[in-house]
Enquirer: 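Have a look at the structure that comes next, please.
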Amino acid sequence: MADYTKEEIKRIEDKWRNKWANDQIYTVSNDSSKPKCYVLDMFPYPSGAGLHVGHPLGYFASDIYARFKRLKGFNVLHPMGFDAFGLPAEQYAIEHGVHPAKSTQENILTYKRQLGKIGFCYDWSREVQTCDPSYYKWTQWIFLQLFDSWFNRKTNKAERITTLTWIFENEGNAEYPTPNQKSKTQKFTAAEWKALNQKQRQEILMEYRLAYLAYTDVNWCEALGTVLANDEVINGVSYRGGFPVVKKQMRQWSLRITEYAERLLKGLDEIDFSDSMKEIQRNWIGKSVGAELEFEIQHLKFNIKVFTTRPDTIFGVDFMVLAPEHELVKSITTQEQKTEVDNYLKYVESRSEVERMAEVKKITGVFTGTYAINPLSGKKIPVWISEYVLAGYGTGAIMAVPCGDERDFKFAKHFNIPVTNIIGSHYTGNEANPTKDAVLENSGFLNGLIMSKAIDVAIGELEKRKIGKRKVNYKMRDAGWSRQRYWGEPFPVIYRDGMPYPMNENELPLTLPDTDNFKSSGNGEGPLANLNEWINVSDNAKRDSNTMPTHAGAAWYFLRYMDPHNEKEFAGKKALDYWNQVDVYIGGSEHAVAHLLYSRLWVKILHDLGYLNFDEPFKKLINQGKITGDSRFVYRVRGTNKFVSSGVKDKYETDELRTDVNIVNGLELDTEAFKKWRPDFVSAEFILEEDGKYICGSAIEKMSKSYFNVVNPDKVIDAYGADTLRLYEMFLGPLEASKPWSTSGIDGVYKFLRRFWNLFHDSNGNVNVINAEPTHEELKVLHATIKKVEQDINNFSFNTSVSAFMICANELSSMKCNKQKILEPLTIALSPFAPHIAEELWEKLGHSDSVFNASYPKFDEQYLTESSFEYPISINGKVRAKMNFALDMPKEDIEKIVLASEVVQKWSEGKPPKKVIIVPGKIVNIVL
RNA sequence: GCGCAUGUGGCGUAAUUGGUAGCCGUGCCAGACUUAGGAUCUGGUGCCGAAAGGCGUGGGGGUUCGAGUCCCUCCAUGCGCACCA
């Protein structure tokens with residue numbers, strides 16, 4: 001005997017969580033005749049702050065989906081783990097002297113305790129932690145597979161390095177140029193290859209490996225003492241901490257992701273990600289199609305190679321621009337211009353990345369004194385240097401067409417370079433016109449052609465004359481893979497004579513050595529460089545002092561879940577084949593380019609090497625919205641300890657302070673709690689509103705510890721229970737939408753659960769369910785609900801399914817329905833959303849097995865079919881009346897009755913209608 | 001600047017995909033019960049209007065018998081990219 005009260009909720013929820021754990025009902029087998037379904041959450045980085053109410057939003061959705069699929073007869077893999085390596089733990093260690101391993105484990109425990117209280121159906125026996133040696137052994141192993149692979153552009157896939165050495169031994173590299181265009185490695189014959197020594201061969205192979213070591217321009221962050229990947233640098237400062245980042249040449253590990261640019265792009269067409277997510281990835285990959293061609297330098301034997309997407313405009317080239325870093329700058333600068341060029345180069349060097357980005361519009365540049373020859377028109381054009389041309393994109397040099405390109409135009413105007421018009425009246429002389437629709441003029445053999453058509457003609461001519469060729473360019477760079485940090489996976493290689501050699505598989509894992517010194521060793525080396533014994537394996541054998549980025553562990557964790565305890569392989573073939581792709585992946589959109597691209601890359605490589613029979617990891621991706629915080633402000637009179645309520649604050653000079661949202665009810669501050677909140681406020685005084693309340697200001701912003709606007713799910717669970725929290729977060733709105741946290745409305749969800757509970761109980765709290773046959777109306781409510789909820793789950797529209805349950809409970813309550821044949825299927829349908837209450841009620845209905853071993857109820861259309869319909873009768877599109885007709889009534893009969901009706905007569909004033917539209921089962925519209 | 005997404009009552013949202021705009025919840029108003037409470041139950045609640053009726057899905061225009069939904073255009077907000085040749 002019990003009501004659905006706070007105490008009863010706690011009893012029920014504790015009872016079932018313990019029972020589920022003891023019975024291991026969420027343990028999933030790899031061996032099943034059932035169809036599989038893999039439902040995955042992005043595993044969290046276990047931060048010291050613990051979970052707030054925003055974190056589990058996506059977990060609720062995946063939990064509901066996983067439970068639903070289980071009830072629908074699927075064998076569901078729904079695991080959880082921790083992205084446990086990473087910068088914050090290491091920063092914390094430097095600041096507080098706590099070993100990252102220790103703080104990480106503590107944080108993980110907090111997370112697991114919090115997650116446990118919410119009642120997720122994770123199979124914890126499959127938990128992975130990326131910092132665990134038994135896990136990162138395989139991260140290192142996969143890295144070695146990448147090291148031992150190259151991308152064969154002819155087969156369009158990764159192959160083992162042995163196939164490459166075979167090619168070199170038999171035919172040299174004539175057909176297989178190095179992927180990096182700027183490489184110093186020339187073409188060589190088989191004989192030349194054979195004549196090379198071991199180190200020379202290794203250096204060449206390094207130019208092809210998918211994980212390779214090279215001097216690259218890296219993003220060096222002095223404050224963090226590490227290199228950052230492109231996606232970790234935002235507007236010239238570090239993603240974490242916002243520290244300045246500079247370009248620096250360092251010998252670093254990189255992943256040759258650029259070789260996969262095309263496949264990563266094409267793969268997007270096969271996977272179900274949101275349009276914006278695909279767009280972000282496409283943008284990041286940045287494919288552009290055009291031509292590469294060479295301009296001769298007058299009087300010198302150099303050629304300048306440029307990339308252009310608009311070869312049709314080649315007769316409009318008025319000058320050329322090289323990036324200041326371009327290797328030919330020094331060689332082509334004339335004596336007269338030398339000083340000016342040197343000064344400019346110094347200026348460019350002095351500018352930080354941040355300044356350069358902030359002053360995008362500023363036009364700077366300098367003439368080299370040299371002229372180039374347009375290969376098609378033969379025209380002599382000046383060669384300039386400017387920082388608006390980026391060394392890293394294309395060839396680092398452009399042909400400038402000021403009549404068609406805005407930046408070229410501004411540059412030409414700024415430096416008084418004459419502009420050639422090749423598009424007639426489309427060019428006004430006041431601004432560039434980037435059109436492709438104009439008919440070309442002043443363009444030699446292209447005259448009279450529409451520009452879009454001329455592109456191919458121009459490329460054809462360039463190819464015919466062997467001065468250029470069709471070319472695809474990608475914005476994406478190879479991914480920097482070294483971090484000068486401690487808390488990450490060590491690289492499983494040993495350097496001999498400066499070249500890295502892979503460790504043997506049976507020597508893995510190369511475990512992270514213990515230390516209490518996490519400070520960078522300087523010189524761009526990581527903290528591991530301080531550990532001489534570990535670094536120096538022998539006199540001429542050294543380890544790498546860097547570690548891998550957190551992306552490494554996260555790039556494949558979804559594969560490890562399939563077979564987490566396998567000591568022989570990263571995962572067994574059978575498990576990989578069975579579980580296959582992740583069917584539904586739910587997580588934040590902030591991982592759009594890094595994590596998702598690296599995961600997709602690793603899966604493609606493992607697929608090419610024969611380990612996986614799928615080459616996209618995630619079939620469907622859903623990005624849950626962020627739950628933002630709703631901050632509260634108090635206003636302190638400057639220089640005092642007096643706090644003014646927001647309604648009267650304008651009479652004083654005040655400072656705005658954030659206060660803890662947990663001591664504010666709505667906007668009303670609990671002034672006593674505020675005094676106790678911090679020692680400085682013990683003696684605070686308050687200037688209140690007329691009604692004696694202290695009203696706070698508010699703002700929607702990021703949920704963050706430092707804003708005091710964090711709401712801990714534990715608090716909500718204490719007040720309402722986990723089921724209410726789950727339902728409430730789903731009820732807030734569409735999963736993908738971001739929304740501020742607010743508890744207004746949570747009562748409504750709680751009331752629904754109580755109403756549902758009351759259907760099973762009499763007014764004394766005793767179970768009262770009868771075995772009578774349900775009425776048609778009751779069955780209609782049941783089946784409408786089942787249909788709607790099932791549809792909504794399949795569309796990940798959980799807010800509407802919660803609403804459907806509410807409607808159902810409201811209707812059954814007013815029918816006073818307590819029939820087992822109605823309540824039992826409803827309990828199953830509700831169980832994915834509110835597992836604890838459903839399991840308790842399921843038991844009360846007399847079941848000894850878990851509700852999660854039941855089958856999802858089948859909805860039956862026959863209860864939903866109606867024989868008649870209440871037609872809205874609209875006149876000129878406005879509804880004026882409603883009339884009930886049988887659904888099979890002929891249109892003519894309906895028309896007669898409707899036209900004869902009083903309402904229509906009134907509106908038509910006796911005139912015959914112009915038109916009558918009758919859509920059976922929908923509407924009647926009369927046009928007067 | 002370019003790309004993507006979004007815009008509906010006081011608030012969170014819904015609309016079977018071109019067919020009754022505002023479901024469900026909250027808030028608010030009124031009432032009932034009452035041990036007076038941040039409990040429960042009942043009714044009302046888009047806006048204007050006494051009513052008839054009119055207006056109404058960011059603004060303007062269009063297609064249609066009919067538009068929140070489709071098309072054009074403008075505006076606002078959010079996210080991403082940003083001298084990418």
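To find a chain, count down the sequence lines: A is the first, B the second, and so on, and within it residues start at 1.
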Enquirer: Please list every donor-acceptor pair under 3.5 Å in which a side-chain atom of residues 391-405 of chain A meets a protein atom from a residue at least two apart or in another chain.
Expert:
{"residue": "A/Y393", "atom": "OH", "partner": "A/S288", "partner atom": "OG", "Å": "2.7"}
{"residue": "A/T395", "atom": "OG1", "partner": "A/K305", "partner atom": "O", "Å": "2.6"}
{"residue": "A/T395", "atom": "OG1", "partner": "A/A397", "partner atom": "N", "Å": "3.4"}
{"residue": "A/T395", "atom": "OG1", "partner": "A/A397", "partner atom": "O", "Å": "3.3"}
{"residue": "A/D405", "atom": "OD1", "partner": "A/R407", "partner atom": "N", "Å": "2.9"}
{"residue": "A/D405", "atom": "OD1", "partner": "A/R407", "partner atom": "NE", "Å": "3.2"}
{"residue": "A/D405", "atom": "OD1", "partner": "A/R407", "partner atom": "NH2", "Å": "3.3"}
{"residue": "A/D405", "atom": "OD1", "partner": "A/D408", "partner atom": "N", "Å": "3.0"}
{"residue": "A/D405", "atom": "OD2", "partner": "A/R407", "partner atom": "NH2", "Å": "2.5"}

Enquirer: How many whole angstroms separate atom CD1 of A/I807 from atom C1' of B/G25?
Expert: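 It is 11 Å, rounded to the nearest whole Å.
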Enquirer: When you compare B/G43 with B/G38, how far apart are their C1' atoms, in angstrom units rounded to a whole number?
Expert: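 About 22 Å, rounded to a whole number of Å.
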Enquirer: Whole angstrom is fine here: how far is it from CG in A/D318 over to P in B/A85?
Expert: 20 Å
Enquirer: Between the protein and nucleotides 51-56 of chain B, which nitrogen or oxygen pairs are less than 3.5 angstrom apart?
Expert:
{"residue": "B/G53", "atom": "OP1", "partner": "A/K906", "partner atom": "NZ", "Å": "3.1"}
{"residue": "B/G54", "atom": "OP1", "partner": "A/R880", "partner atom": "NH2", "Å": "3.3"}
{"residue": "B/G54", "atom": "OP2", "partner": "A/R880", "partner atom": "NH1", "Å": "3.1"}

Enquirer: Please work out which of the three classes, parallel, tilted or perpendicular, describes the rings of A/H783 and A/Y863, given edges at 30° and 60°.
Expert: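 Plane angle under 30°, so parallel.
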Enquirer: On RNA chain B, check which nucleotide each of A/I746 and A/G921 is closest to and give me the residue with the more 5' one.
Expert: A/G921
Enquirer: Taking only the C1' atom of each, what is the distance from B/U20 to B/C81 in whole angstrom?
Expert: 44 Å
Enquirer: Please write out each protein N/O paired with an N/O of nucleotides 41-46 of chain B under 3.5 Å, distance rounded to 0.1 Å.
Expert:
none

Enquirer: Quick one: are A/F796 and A/S801 in side-chain contact, heavy atoms under 4.5 Å?
Expert: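 Counting from C-beta outward, A/F796 and A/S801 never come under 4.5 Å.
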Enquirer: Tell me whether B/U35 sits syn or anti, counting syn as a glycosidic angle within 90° of 0.
Expert: anti
Enquirer: In whole Å, what separates the P atom of B/G12 from that of B/U63?
Expert: 34 Å
Enquirer: Hey, are A/D456 and A/R470 close enough for a salt bridge, meaning a charged N less than 4.0 Å from a carboxylate O?
Expert: yes
Enquirer: With ring-ring contact (aromatic ring centres under 6.0 Å, His included) as the test, would you mind laying out the steps for A/F731 and A/F752 before giving the verdict?
Expert: CA-CA 12 Å; A/F731 186 62; A/F752 152 70; 9.1 Å; no
Enquirer: If I pick the C1' atom on B/G27 and the same atom on B/C11, what distance separates them, to the nearest angstrom?
Expert: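 Per the computed distance, 7 Å lies between those C1' atoms.
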Enquirer: What nucleotide, of B/A15, B/C24, B/G80, holds the atom closest to the side chain of A/N283?
Expert: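 From the listed options, B/G80 comes nearest.
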Enquirer: Considering only atom C1', compute the distance from B/A21 to B/U17 and round it to an integer number of Å.
Expert: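 Comparing C1' positions in B/A21 and B/U17 gives a spacing of 15 Å.
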Enquirer: Partners of A/K469 by side-chain contact (heavy atoms from CB on, under 4.5 Å), sequence neighbours excluded?
Expert: A/E292, A/E463
Enquirer: For a quick check under 3.5 Å, do A/T800 and A/D792 share a side-chain donor-acceptor pair by atom type?
Expert: yes
Enquirer: Could you tell me which residues satisfy side-chain contact (heavy atoms from CB on, under 4.5 Å) with A/K878, sequence neighbours excluded, listed by chain and number?
Expert: A/R880
Enquirer: When the distance from CD1 of A/I280 to P of B/C81 is rounded to whole Å, what number comes out?
Expert: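 Distance, rounded to whole Å: 7 Å.
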Enquirer: How would you list all residue pairs meeting side-chain hydrogen bond (donor to acceptor under 3.5 Å, both in side chains) that involve residues 316-328 of chain A, not counting sequence neighbours?
Expert: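 Those involving residues 316-328 of chain A are A/D318-A/K379, A/D318-A/T420.
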Enquirer: Would you mind classifying the nucleic acid contact of A/V916 as base, sugar-phosphate or nothing, using non-hydrogen atoms under 4.0 angstrom?
Expert: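 Counting heavy atoms under 4.0 Å across all strands, no contact is made by A/V916.
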Enquirer: Aromatic rings A/Y871 and A/F869: how do their planes relate, parallel, tilted or perpendicular, breaks at 30° and 60°?
Expert: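 A/Y871 and A/F869: perpendicular rings.
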Enquirer: With under 30° as parallel and over 60° as perpendicular, where do the rings of A/Y344 and A/Y347 fit, or are they tilted in between?
Expert: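 It falls in the tilted class, 30° to 60°.
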Enquirer: Can you tell me whether the base of B/G9 sits syn or anti, using the 90° cut around 0 to define syn?
Expert: syn
Enquirer: Find the distance A/K287:NZ to B/C2:P and express it as a whole number of Å.
Expert: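 After rounding, the gap between these two atoms is 24 Å.
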Enquirer: Mind telling me whether A/Y4 and A/Y750 have parallel, tilted or perpendicular rings, with 30° and 60° as the class edges?
Expert: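 Rings of A/Y750 and A/Y4: parallel, under 30°.
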Enquirer: Give each protein N/O atom lying under 3.5 Å from an N/O atom of nucleotides 5-12 of chain B, with the pair distance.
Expert:
{"residue": "B/G12", "atom": "O2'", "partner": "A/L732", "partner atom": "O", "Å": "2.5"}

Enquirer: When the P atoms of B/C2 and B/U69 are compared, how many Å lie between them, rounded to an integer?
Expert: 25 Å
Enquirer: Round to the nearest Å and state the distance from A/M806 atom CE to B/A14 atom C1'.
Expert: 13 Å
Enquirer: Between B/A85 atom P and A/K471 atom NZ, what is the distance in whole Å?
Expert: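 Taking atom P of B/A85 as the reference, NZ of A/K471 is at 14 Å.
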Enquirer: Tell me whether the OP1 or OP2 atom of B/A85 has a side-chain N or O from A/S288 closer than 4.0 Å.
Expert: yes
Enquirer: What integer distance in Å separates A/F411:CZ from B/A85:C1'?
Expert: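 Going from A/F411 (CZ) to B/A85 (C1'), I get 14 Å.
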Enquirer: Donor-acceptor pair under 3.5 Å: do we get one between A/K788's side chain and the base of B/U16?
Expert: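 Under the 3.5 Å cut-off, the side chain and the base do not form any donor-acceptor pair.
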Enquirer: Quick one: side-chain contact (heavy atoms from CB on, under 4.5 Å) partners of A/D718, sequence neighbours excluded?
Expert: A/K117
Enquirer: Mind checking what makes side-chain contact (heavy atoms from CB on, under 4.5 Å) contact with A/N623, not counting sequence neighbours?
Expert: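 Listed in chain order: A/S274, A/M277, A/S589, A/L621.
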Enquirer: Write out all pairs satisfying salt bridge (charged side-chain N to carboxylate O under 4.0 Å, His left out) with one or both partners inside residues 726-747 of chain A, taking only residues at least two apart or from two chains.
Expert: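 Non-adjacent pairs meeting salt bridge (charged side-chain N to carboxylate O under 4.0 Å, His left out): A/D63-A/R726.
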Enquirer: Give the rounded distance in Å between these two atoms: CG of A/N758 and C1' of B/U40.
Expert: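 It is 11 Å, rounded to the nearest whole Å.
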Enquirer: Quick check on the 6.0 Å ring-centre criterion: do A/Y720 and A/Y728 meet it?
Expert: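 They do not qualify: ring centres at least 6.0 Å apart.
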Enquirer: Among A/E811, A/Q862, A/E866, which residue meets the side chain to side chain donor-acceptor pair (under 3.5 Å) test with A/K780?
Expert: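 Between A/K780 and the candidates, side chain to side chain donor-acceptor pair (under 3.5 Å) is satisfied uniquely by A/E866.
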Enquirer: Which atom pairs link the protein and nucleotides 61-72 of chain B when you take only N or O atoms and keep those under 3.5 Å?
Expert:
{"residue": "B/C65", "atom": "OP1", "partner": "A/K915", "partner atom": "NZ", "Å": "3.4"}
{"residue": "B/C65", "atom": "O2'", "partner": "A/N925", "partner atom": "ND2", "Å": "3.2"}
{"residue": "B/C65", "atom": "O2", "partner": "A/N925", "partner atom": "ND2", "Å": "2.8"}

Enquirer: Between B/G46 and B/C29, how far is it from one C1' atom to the other, in whole Å?
Expert: 15 Å
Enquirer: Looking only at side-chain atoms of A/K475, point me to the closest of B/C83, B/C81, B/C24.
Expert: B/C81
Enquirer: Mind pulling the stems RNA chain B is in, i.e. runs of at least three Watson-Crick or G-U pairs, everything under 3.5 Å?
Expert: B:1-7 with B:75-81, B:10-12 with B:24-26, B:27-32 with B:40-45, B:46-48 with B:53-55, B:58-62 with B:70-74
Enquirer: How is A/N799 classified with respect to the nucleic acid when contacts are heavy atoms under 4.0 Å: base, sugar-phosphate, or nothing?
Expert: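 The residue A/N799 makes sugar-phosphate contact but no base contact.
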Enquirer: Using the C1' atom in both, what is the distance from B/A51 to B/G61, to the nearest Å?
Expert: 35 Å
Enquirer: Are A/F805 and A/F833 an aromatic pair, judged by ring center distance below 6.0 Å?
Expert: yes
Enquirer: I want to confirm an ordering. Mapping A/V879 and A/F307 to their closest nucleotides on RNA chain B, which one lands closer to the 5' end?
Expert: A/V879
